[in-house]
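A, B, ... follow the sequence lines: proteins, then strands. Residue 1 opens every chain.
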Amino acid sequence: MPVPARRSTATLLAAGLLSVGLVACGSGESEDADPGKPGDKILTIYSGRNEQLVKPLLDRFSQQSGITVRTRYATTAQLAAQLVEEGDRSPADAFFAQDAGALGAVSKRKMFAALPADAVQKVPQTYRSRGGEWVGVSARSRVLAYNADVVPAAELPTSVFELTDPKWKGRIGVAPTNASFQAFVTAIKVQHGEARAKEFLAGLAANEPQIRENNVKIVEDVNAGAIPVGLVNHYYIGEVAKEQGSTPEALKAKLHFFPGGDTGALVNVAGVGVLKRSAQDPDTRAFVDFLLNPESQRYFAEQTFEYPVVAGVTGPAGVPPLADLDSPDIDLNDLDTLDATIALIKDSGLVP
Amino acid sequence: MTATTTGVGPARTGPARSGVPAGLRRLAPRPALLAASTAAVAVALVPLVYLGVRTAEAGADRIAAELWTSRVGLLALRSLALAAVVTAACVLIGVGAAWLVTRTDLPGRRLFAVLAALPLAVPTYIAAFAWVSTVDRLEGFWPAALVLTLCSYPYVFLPVAAALHGADPAQEEVSRSLGRGGWRTFTDVTLRQIRPATAAGALLVALYVLSDFGAVSILRADTFTRAIFIAFDLGFDRTGALVLSCVLVALTVLLLGGETLTRRRGARYARLGGARRPPLRLRLGAARWPALAALVGVAALALGVPAVSLARRLAAGVSRPGALTEVLAAAGNSLTFSLAGAALTMLLALPLGLLTARAPGPLATALDRLAYLAHALPGVVIGLSLIFFGITVAYPLYQTRWLLALAYATLFLPLAVGAVAGAAGQAPPGLEEVARSLGRGPWTVLRTVTLPLTLPGIGAGAALVFLTGMKELPATLLLRPTGTDTLATELWTNTAVGAYAAAAPYAALLVAISAVPTWLLVARSGLLEKEDRR
């Protein structure tokens with residue numbers, strides 16, 4: 001039986017593919033989930049913060065401390081789910097999360113150890129957990145991003161609640177699946193009660209907002225004039241400017257900080273918690289100290305455009321200092337009633 | 001050699017099962033195959049065990065509260081509608097393109113055979129992102145249907161093109177000689193000949209649409225998968241997500257049941273021997289121009305839009321990917337993870353595929369169907385279930401490439417089983433019968449006759465699993481070894497902070513590497529053979 005050349009080629013390729021696969025798999029490096037021992041100079045960090053934003057900082061930590069950092073990057077929500085699924089056997093030493101809500105969710109499962117008091121006391125009480133299970137390391141304010149060509153500054157709302165006015169119909173960008181939006185809705189509940197939060201979401205949904213997957217897309221579209229205004233965190237304007245090779249000041253997208261303690265100006269944090277197993281590990285202690293030292297705090301201000309949470313470090317350029325923000329008087333520890341918020345957001349029809 | 005199969009979907013042009021099983025059964029070491037197949041299916045069902053355990057933990061009240069809402073009904077309707085629309089469109093494009101490149105004198109048809117298969121190399125999240133950045137305010141059901149169709153019609157095109165290429169022209173000739181016209185011969189004979197291939201491809205498309213998250217999340221089409229991802233994002237609502245996943249499994253059962261029914265009713269056509277002859281090619285005449293325009297149009301939408309969009313993003317942004325070593329490391333990881341996944345999947349698929357082809361029966365059918373159950377689950381659920389499995393059962397494997405390979409195996413097992421069963425089904429059982437009659441034992445026959453005959457199918461299956469693994473993101477994010485990046489995860493990392501220019505090279509490399517196995521699949525279908533070699 002003559003065998004067509006094509007077939008024998010395919011056969012060879014198939015055999016080759018398999019054998020290469022097997023060889024590749026056999027050459028196992030030291031990849032496993034070994035949790036290590038305290039003080040072994042190896043640290044496993046689950047980072048819900050983006051690799052692009054924090055890798056340089058973590059590299060610097062490794063250099064300065066001699067501690068090898070193994071970092072797992074994924075979304076904050078996925079890592080929280082992963083940690084909860086892993087439970088006591090998690091190989092993670094620390095969880096570096098994008099928002100306080102996720103830290104609260106893991107903390108509720110009693111998975112975090114209390115952080116050393118002297119380490120976290122540098123941070124104001126509002127930006128860390130009451131029981132000391134997690135501490136904020138950088139702060140961000142909710143803002144209204146607006147395109148200065150489309151919306152004159154004089155027309156900007158003085159309160160986030162004005163966005164339910166019909167004049168904003170179809171003109172607002174929202175990312176309802178984003179954790180910071182959820183924290184903001186929870187804050188409305190804490191400040192004004194559940195009825196008001198429900199009413200606001202219903203009004204917002206009735207105004208047919210432009211739903212986006214995340215804050216970056218909203219700021220891009222606002223900058224391009226496709227959406228006049230959008231509810232986002234303040235620092236995304238820095239990321240969009242960076243990609244365009246320009247500065248936040250040069251963008252068409254501008255930031256409006258709601259005045260008068262309005263819920264729309266909520267300040268939230270990205271923070272870190274240490275897993276119970278690593279409570280006594282000097283390496284994790286070194287890591288928490290590192291994130292709160294002035295040099296790292298400056299990194300957040302300069303590189304990620306966020307507010308430092310430790311006193312004495314200058315904030316990011318082009319935005320009012322944290323102390324001057326008229327942010328609502330809300331303790332982040334009170335934002336842990338996420339379930340009710342989710343139910344509200346689901347009922348509003350902003351998400352499927 | 002008469003047979004050609006493709007890697008996509010179980011080819012069912014093999015010998016009629018009802019007629020031969022008693023003879024076939026003797027050809028294979030049935031108990032061993034059965035045991036190995038059962039083990040393979042057990043592995044594929046690990047995610048379902050997890051789903052059952054975790055959902056049951058939530059308690060009946062909570063489940064009922066999540067389940068009996070109009071939202072779930074609406075999501076089910078939308079998901080099924082999306083699957084139906086995309087599947088119909090894929091069948092139309094897939095069969096049309098396959099017919100044009102195999103049965104007409106279309107100019108450049110070998111080029112078009114490759115172009116028509118190439119969208120398989122484009123992940124839906126890249127395609128959807130390209131479309132969103134090209135057309136303003138693109139969102140909802142129909143845009144998602146468009147992108148999903150453009151990315152998944154090759155699942156139909158490849159098996160149908162292979163079936164058309166390998167079909168026995170005698171039946172068409174008989175039909176014509178009995179007075180049927182060209183069109184009636186096409187509908188009454190040709191379409192029936194390719195029906196098993198079409199159904200298999202259509203099933204893969206429908207299941208893929210149910211599991212896809214890239215297109216539906218970027219284009220905001222409200223389906224189960226999007227709702228499941230959102231449930232995780234929204235306050236880490238595991239119970240809500242898992243209840244939705246259970247409904248998704250139920251929908252999968254529904255689809256599988258429907259497909260099994262059509263399969264039973266469909267007659268099978270096999271070439272009964274004799275030399276291979278090429279079918280007559282229809283002269284298109286002036287109709288060649290609209291035909292060409294249609295193929296060029298599909299290629300422009302499926303490949304051109306992403307390519308132009310990537311190039312524009314690269315030109316517009318100032319971010320750049322990391323050092324060349326970082327890019328190469330990511331490519332290397334993508335390669336090794338996908339290869340490990342392909343190897344493991346083939347290992348599991350081989351007994352099941354051989355069992356389906358050589359020892360068919362209700363048990364083999366049941367095992368084959370069970371292997372599909374996890375196929376429509378979104379990657380994030382597979383990821384979490386294997387975290388659960390790794391933590392509780394296989395801790396030494398946790399966060400190693402092996403657990404990731406296992407995830408690929410549970411996700412893509414049906415693709416591989418189909419390829420193996422197709423190739424084994426088309427290899428003439430006569431050769432094995434001769435070997436048996438000459439006194440060789442079943443194992444020796446398996447090793448020396450059946451396996452070599454099935455090798456091309458193994459290659460095609462491995463190529464398909466490899467390329468699907470390259471594109472996989474959610475399970476890879478959850479299960480990859482700590483500190484390793486793949487092309488897909490780098491793409492995700494960069495786009496998440498708006499560094500699109502930095503992401504573009506990773507996307508291009510991902511598509512370029514995935515194009516190699518795609519080309520292999522086209523070559524396997526015999527579509528690239530020169531006319532004079534037939």
Side-chain angles (χ1 to χ4, degrees), chain A residues 1 3-4 6-7 9-11 13-15 17-18 20-22 24-25 28 31-33 44 50-53 70-75 77-78 80-82 84-87 89 91 101-102 105 177 179 182 211 213-214 216 220 226 239-240 242-245 338-339 341-342 345-346 351-352, chain B residues 1 71 75 136 217-218 220 222 226-227 230 232-238 317-319 335-336 339-340 342-343 346 380 384 387-388 391 395-396 398-402 405 455-456 458-460 462-463 466 477-478 481-484 493-494 496-501 520 523-524 526 528-529 533:
Chain A
M1 195 176 329
V3 177
R6 189 70 65 188
R7 166 154 304 196
T9 316
T11 309
L13 273 169
L17 200 63
L18 270 179
V20 171
L22 291 171
C25 299
E31 49 154 53
D32 54 34
T44 303
N50 193 282
E51 185 168 3
Q52 294 295 313
L53 300 182
R70 295 196 293 201
T71 322
R72 243 192 126 63
Y73 294 98
T75 67
Q78 281 184 354
Q82 180 155 17
V84 169
E85 200 61 71
E86 288 172 343
R89 304 194 75 180
T177 55
Q182 296 158 36
I211 307 287
E213 210 190 340
N214 57 39
V216 173
E220 277 194 324
E239 289 175 15
V240 171
K242 213 187 259 180
E243 172 69 358
Q244 301 194 350
L338 215 49
D339 289 352
T341 305
I342 309 296
I345 295 179
K346 272 188 190 169
V351 301
Chain B
M1 290 253 176
R71 176 170 164 261
L75 286 173
D136 266 352
S217 66
I218 294 175
R220 290 181 293 283
D222 297 340
R226 175 154 190 251
I230 285 177
F232 279 117
D233 278 349
L234 275 181
F236 331 109
D237 174 17
R238 191 169 61 178
V318 296
S319 62
L335 276 172
T336 46
L339 281 172
M346 292 323 294
V380 65
L384 282 178
I387 288 175
F388 168 79
I391 285 285
Y395 198 65
Y398 191 55
Q399 293 183 356
T400 67
R401 67 184 75 170
W402 288 109
L455 253 190
I458 298 175
F466 172 80
L477 270 180
L478 283 172
T482 298
T484 53
T493 300
N494 284 295
V497 291
Y500 303 116
L520 194 70
R524 278 271 306 115
L528 300 181
E529 284 171 23
R533 281 179 45 195

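When each of A:I345, A:T177, A:T341, A:V240 is scored by its heavy-atom pairs under 4.5 Å with chain B, the top score falls to A:T177. Top candidate by heavy-atom pairs under 4.5 Å with chain B, chosen from A:T75, A:N214, A:V84, is A:T75. Among A:K242, A:E213, A:Q244, A:E220, the residue making the largest number of heavy-atom pairs under 4.5 Å with chain B is A:E220. If you tally non-hydrogen atom pairs under 4.5 Å between each of B:L478, B:N494, B:L477, B:L384 and chain A, the highest count goes to B:L478.
For B:L75, the part lying near chain A is the side chain, with the backbone staying farther off; criterion is any non-hydrogen pair under 4.5 Å. Looking at A:T71, the atoms closer than 4.5 Å to chain B (heavy atoms on both sides) all sit in the backbone: N, CA, C or O. Residue B:L335: no heavy atom, backbone or side chain, is found under 4.5 Å from chain A.
The closest donor-acceptor contact from the side chain of A:Q52 to the backbone of B:A499 lies at 3.5 Å or more, if one exists at all. Between the side chain of B:R220 and the main chain of A:I211, a donor-acceptor pair closer than 3.5 Å is present. Although no hydrogens or angles enter the test, the distance criterion places no donor-acceptor pair under 3.5 Å between the side chain of B:Y500 and the main chain of A:E243. Using a distance-only test at 3.5 Å, with no hydrogens or angles considered, no donor-acceptor pair links the side chain of B:R71 to the main chain of A:K346.
In plain terms, the two heavy atoms of B:I387 and A:E86 that are nearest each other are CG2-CG, 3.9 Å. B:A496 and A:N50 get closest at one heavy-atom pair: CB-ND2, 3.5 Å. Listed here is the closest heavy atom pair of A:Q78 and B:V380: NE2-CG2, 4.0 Å. Closest heavy-atom contact between B:P481 and A:R72: C-NH1, 3.8 Å. The shortest non-hydrogen separation linking B:V497 to A:L53 is CG1-CG, 4.0 Å.
A donor and an acceptor atom, one from each side chain of B:T482 and A:R70, are nowhere located under 3.5 Å apart.
Rounded to the nearest 0.5 angstrom, A:I342 CD1 and B:I230 CD1 are separated by 11.0 Å.
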